[in-house]
Amino acid sequence: MKKILAIIAFAMVFTSCSDDEIINDKLEGKNEVVIEFDNGFAEDKLLLGTSTYTNGNGEVLTVNSFDYIVSNFVLVTEEGEEFVYPKNESYFIISEGGGDKPKKIQISLKDVPAGKYTKVKFGIGVDQERFIEGQAVQQDFWTLAESYNLTWSWQAGYKFVVLEGNYKEDTTENPFMLHIASRGTTVDLYKEVELPMDVAIVSKEQSPQLHIKVDANTMLDGKSKIKLSEGATIMGGDKASLIAENYTEMFMVHHVHHTNHH
């Protein structure tokens, strides 16, 4: 009997210790959240200029450029509380590089408050609110976007997503260019996405990295099927709108990992 009581007493002590640890496990401080964009094409890694990819429309593609703007990041906790990243710092370029362009696939959100985050939201492109603030406000980002060939004239604005390369129809190889964007303030193709993810824990000790898989194939081979043979230069019109709808589906958070980082 004494032995049984001793076991019960030990179990009670053990349980209360565990509860104390949970109660005191309050996440504090701030840290960095790194987001990496892993650009691919269907199930394959995206390699510029070398690999060929066959899309669902039966067209064989080589990709020479894949560049896009992501913006307005928001992290959402388990309870639905939102941390909105400061707007002035929330515009980034992601690029597979090539030519004079350095590869740029990682961004960093600084000073994110402690919490357990289960969703990330962001925009594809530049929102109208930001655009109408004028060029002077955005000069640094505009210059950067220009160096990645992600701008038209200021009146026409930014290119949000650029996919370029060649495609084969039968044996003939032809160039294609997809430049999807708003047109000044007349056509607004800015899109937002919301992605669920494994819990990303931020604290003064913990810094998570989100690994987002991106499937460029979705631009042509998503909800709408876009055949390059029916028009290989798309910069506006109905097809640009369909491609913008398609690419809201091209992102998914593949995994989250954490580093101890003070």
Side-chain angles (χ1 to χ4, degrees), residues 36-71 91-107 122-126 144-152 156-169 172-183 187 189-193 212-252:
E36 184 170 306
F37 291 82
D38 179 11
N39 296 318
F41 199 96
E43 298 301 311
D44 298 312
K45 186 86 185 138
L46 183 61
L47 298 169
L48 296 184
T50 52
S51 293
T52 55
Y53 308 98
T54 305
N55 67 18
N57 304 320
E59 294 170 326
V60 180
L61 284 72
T62 309
V63 177
N64 299 329
S65 291
F66 185 45
D67 313 280
Y68 50 95
I69 295 171
V70 286
S71 59
Y91 295 83
F92 304 91
I93 284 165
I94 305 298
S95 172
E96 272 302 301
D100 299 331
K101 302 176 293 190
K103 189 167 177 171
K104 198 169 171 52
I105 59 167
Q106 206 174 72
I107 67 171
F122 58 90
I124 307 163
V126 176
L144 179 65
E146 221 169 14
S147 72
Y148 278 88
N149 194 27
L150 286 172
T151 58
W152 280 310
Y158 296 91
K159 302 172 192 175
F160 296 170
V161 182
V162 167
L163 184 70
E164 294 179 355
N166 295 300
Y167 76 100
K168 260 188 193 161
E169 191 189 355
T172 316
E173 199 158 358
N174 303 296
F176 73 87
M177 291 171 69
L178 311 179
H179 293 186
I180 311 304
S182 295
R183 287 283 181 169
V187 177
L189 289 185
Y190 172 76
K191 300 291 181 188
E192 290 185 327
V193 295
I212 295 182
K213 284 193 84 109
V214 187
D215 179 6
N217 179 52
T218 308
M219 291 177 69
L220 296 166
D221 193 9
K223 283 185 281 193
S224 299
K225 307 297 177 192
I226 309 294
K227 286 193 169 180
L228 293 170
S229 57
E230 293 171 1
T233 300
I234 300 170
M235 297 188 184
D238 293 344
K239 281 190 180 172
S241 301
L242 293 173
I243 291 171
E245 285 296 332
N246 277 355
Y247 63 50
T248 61
E249 304 287 325
M250 75 179 177
F251 301 93
M252 70 165 277

Side chains of I234 and F176 in contact at under 4.5 Å (non-hydrogen atoms): no
Closest heavy-atom contact between S182 and L189? OG-N, 3.0 Å
Sorted by chain and number, sequence neighbours left out, side chain to side chain contact (heavy atoms under 4.5 Å, CB included) with A156 holds for W152, S153
Test Y53 against L46 for side chain to side chain contact (heavy atoms under 4.5 Å, CB included), laying out the working first. CA-CA 9 Å; Y53 308 98; L46 183 61; 4.0 Å; yes
Shortest non-hydrogen pair, P102 vs D100, comes out as CD-O, 3.5 Å
Rounded to the nearest 0.5 angstrom, the CD-CG distance for E164 and L178 is 8.5 Å
Across all chains, not counting sequence neighbours, the side chain to side chain contact (heavy atoms under 4.5 Å, CB included) partners of S224 are I226, L242, N246
Worked verdict on L61 versus L220 for side chain to side chain contact (heavy atoms under 4.5 Å, CB included): CA-CA 11 Å; L61 284 72; L220 296 166; 3.8 Å; yes
Distance-only, no hydrogens or angles: does the D215 side chain make a donor-acceptor pair with backbone N or O of A42 under 3.5 Å? yes
Could you list the residues that satisfy salt bridge (charged side-chain N to carboxylate O under 4.0 Å, His left out) with K104, not counting sequence neighbours? none
Distance (rounded to the nearest 0.5 Å) between M250 CE and I243 CD1: 11.0 Å
Output all residues satisfying ring-ring contact (aromatic ring centres under 6.0 Å, His included) with F66, sequence neighbours left out; order by chain, then residue number. Y68
In this structure, is the centre-to-centre distance between the rings of F251 and F122 below 6.0 Å? yes
Between the CD1 atom in I105 and the CD1 atom in I212, the distance rounded to the nearest 0.5 Å is 11.5 Å
May I ask you to check whether over 12 heavy atoms, not counting those of K239, lie within 6.0 Å of atom NZ? yes
Please check: side-chain N/O of S71 versus main-chain N/O of G125, any donor-acceptor pairing under 3.5 Å? yes
Between F41 and L47, does the side chain to side chain contact (heavy atoms under 4.5 Å, CB included) criterion hold? Intermediate values first, please. CA-CA 9 Å; F41 199 96; L47 298 169; over 6 Å; no
Could you go through V70 and F37, starting from their C-alpha distance and side-chain angles, then the distance that decides it, and tell me whether this counts as side chain to side chain contact (heavy atoms under 4.5 Å, CB included)? CA-CA 10 Å; V70 286; F37 291 82; 4.2 Å; yes
So CG of N174 and CG of N166: to nearest 0.5 Å the spacing works out to 8.0 Å
Would you call N39 and I94 a side-chain contact if the rule is heavy atoms closer than 4.5 Å? yes
Salt bridge (charged side-chain N to carboxylate O under 4.0 Å, His left out) against K191, all qualifying residues, sequence neighbours excluded: E245
Of all heavy-atom pairs between Y247 and I124, which one has the smallest distance, and what is that distance? CE1-CG2, 3.6 Å
Measuring from atom NZ of K213 to atom CE of M252, what distance do you get when rounded to the nearest 0.5 angstrom? 7.5 Å
Where do P175 and A232 come nearest, in terms of heavy atoms and distance? O-CB, 3.5 Å
Pairs involving residues 52-68, ordered by first then second residue, that meet salt bridge (charged side-chain N to carboxylate O under 4.0 Å, His left out) (sequence neighbours left out): D67-K101
Under the side-chain contact (heavy atoms from CB on, under 4.5 Å) test against L150, which residue among L144, V126, I93 passes? I93
Between E146 and T151, which heavy-atom pair has the shortest distance, and what is it? CG-OG1, 3.3 Å
How far does CD1 of I180 sit from CE of M235, to the nearest 0.5 angstrom? 9.0 Å
Within-4.5 Å side-chain heavy-atom neighbours: V193 and E249: no
